[in-house]
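This report concerns only the one structure given below.
All heavy atoms count here, side chains included; hydrogens, waters and symmetry mates do not. Naming convention: chains lettered A, B, ... in sequence-line order (proteins, then strands); numbering from 1 in each chain.
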Protein chains: 2
Amino acid sequence: MLQEHAEEYLGAIYRLRTTPDIPVPLAQLTEYFGYSPVSVHEMVKKLSAQEWVAYHPYQGVTLTPTGQKVALALLRRHRLWERFLTDTLHVPWEEAHELAGALEHAVTEEVTERLATFLGDPASCPHGAPIPPSMPSIEERCLADLPTGARGRITRVSQESAALLHELGTRGILPGALFVIAAQNHDEIVIELAKHTAHLPLKSAQMVRVELF
Amino acid sequence: MLQEHAEEYLGAIYRLRTTPDIPVPLAQLTEYFGYSPVSVHEMVKKLSAQEWVAYHPYQGVTLTPTGQKVALALLRRHRLWERFLTDTLHVPWEEAHELAGALEHAVTEEVTERLATFLGDPASCPHGAPIPPSMPSIEERCLADLPTGARGRITRVSQESAALLHELGTRGILPGALFVIAAQNHDEIVIELAKHTAHLPLKSAQMVRVELF
DNA sequence: AATAATTATAAGGTACACCTTATAATTAAC
DNA sequence: GTTAATTATAAGGTGTACCTTATAATTATT
Ligand SMILES: [Mn+2]
Ligand SMILES: [Mn+2]
Ligand SMILES: [Mn+2]
Ligand SMILES: [Mn+2]
């Protein structure tokens, strides 16, 4: 777990990028942090190993979906703290940014959301930058635990073994797919999808998360 | 600068001690943190080198005045954040302690005092522990900048070079001393102390902080 | 006084995130 | 197409705060 420093990098990459998919050159990170190119490169390799960034040699880094999530969560915390500092504690806005840079690492997601509520769910920081929305907390259920007739949408597969993914893929059980539970017994479920009906072992269904309607 | 970890140790020592001056055995710190005895011992040596604790072999550690100041400041921040979490964000009090353990390291003294004001200067944390008072913020002035007739008390010398300290010492310009400015010109000031009058180069006076009456 | 328990110290190691210096590879500019 | 600039990589190093294993010193217990 690299946590704090990693977050800082991901946040910087998010801030520095112009367009998603256009890589941020390491030279920019070097300048942003005031670190040596070698240090930045080293760190980028670590971030890349964790799949938080994609490293494009001689071009720079882009955020992976996971990396972007981390960056957005950080920016959300940062900007909420800025609002708290200026609105609640009456800290001058020119000092709020730096102070929020420390607080942003010191709170859990839950505290962050409570803070947001307290502040009245502000849409932007004192400097006008938008506050990223909290991740829509979908109520996920396990596909294996649903009664006959339940309908919803596949959200994700919680284990990424090749065999499982292949089994699900061939049956059309993919993130995004709409479904209705047609039947269920001790060792398999029958699930109706858009264009066909699939049989799936319960064991596999246990790895599938869905959002119910 | 050891800062965060050092603070954590000093805070723990403060919490664990029964009476000031009765040393806290390293074994207690070992247990408190869940670190190995060797690690604790190592850290204690560092704290001792900084004169934040006094180490009494086979007995334990006591806080020096400086160390205690750091510990009290930490506890103040900790308990103020606990109040904020429970009172303002409605975090359950059983979660507040741990969460405050992170926030306590993420704020400056100034933000702490603003937080205290916002909270209405509470006297105790949600768990009933007293909140140490803020350091009485003496309004310090520079001895070099005072008009004739100004009176007050020397509070401290802001640069600790041997030559300067010797110069001040021989003239009786020491922390605690009461004074009146008798005269002042382009390159020196004349300062009246309890039992004598001293002449001091302005350059030296610039390093002396005073509290005015 | 001898033994047991506690405490201290020595020696060597790990992970993290930074550093410098030097060389190689690639890309950009002339 | 050669040169210059940028970017990457290799090699070795730092400080902080943790670790284990092993041995020495002190204190406590019987
Ligand atoms: Mn930060
Ligand atoms: Mn802002
Ligand atoms: Mn803490
Ligand atoms: Mn408390």
Does [X] place a side-chain N or O at less than 4.0 Å from the phosphate oxygens OP1/OP2 of [N]?
X	N	value
H41(B)	dT9(C)	yes
S39(B)	dA17(D)	no
K46(B)	dT16(D)	no
H5(B)	dC18(D)	yes

Side chain [X], main chain [Y], donor-acceptor under 3.5 Å:
X	Y	answer
R77(A)	T112(A)	no
H199(B)	R171(B)	no
R79(A)	S124(A)	no
T170(A)	E167(A)	yes

Tell me the interatomic distance from [X], atom [atom1], to [N], atom [atom2], rounded to whole angstroms.
X	N	atom1	atom2	result
H56(A)	dA8(D)	NE2	P	12 Å
L47(A)	dA17(C)	CG	P	9 Å
K45(A)	dC18(C)	NZ	P	14 Å
M43(B)	dC19(D)	CE	P	12 Å
Q3(A)	dA17(C)	CD	P	10 Å
E7(B)	dA17(D)	CD	P	12 Å
E4(B)	dC18(D)	CD	P	10 Å

Q.
Here's a test for you: under side chain to side chain contact (heavy atoms under 4.5 Å, CB included), which of L80(A), L75(A), L99(A), L74(A) qualifies with E104(A)?
A. L74(A)
Q) Of all of residues 14-28 of chain B, which get a heavy atom below 4.0 angstrom from DNA chain C, listed by number? A) L26(B), A27(B)
List, with names and distances, any nitrogen or oxygen atoms from the protein found under 3.5 Å away from nitrogen or oxygen atoms belonging to nucleotides 23-27 of chain C.
from: dA25(C); atom 1: N3; to: Y58(A); atom 2: OH; distance (Å): 3.4
from: dT26(C); atom 1: O4'; to: Y58(A); atom 2: OH; distance (Å): 3.1

Classify the nucleic acid contact of [X] as base, sugar-phosphate or nothing, counting any heavy atom under 4.0 Å across all strands shown.
X	result
Y9(A)	sugar-phosphate
G60(A)	nothing
F33(A)	nothing

Q: Step through it carefully: locate the ring centre of Y35(A), locate the ring centre of H41(A), and say whether they are under 6.0 Å apart.
A: no
Q: Describe, in one word, how the ring planes of F33(B) and Y9(B) are oriented to each other, choosing from parallel (under 30°), tilted (30 to 60°) and perpendicular (over 60°).
A: tilted
Q.
In terms of relative ring orientation, are F84(A) and W81(B) parallel, tilted or perpendicular, with 30° and 60° separating the classes?
A. tilted
(Q) I'd like to know if the side chain of H105(B) pairs up with that of Q3(B) as donor and acceptor (distance under 3.5 Å, no hydrogens or angles considered). (A) no
(Q) Working to the nearest 0.5 angstrom, can you tell me the gap between E211(B) CD and R151(B) CZ? (A) 14.5 Å
Q) DNA chain D: Y55(A) or E42(A), which has the more 5' nearest nucleotide? A) Y55(A)
**Q.** Among dA8(C), dT9(D), dC19(D), the nucleotide that comes nearest once only the side chain of S36(B) is considered
**A.** dC19(D)
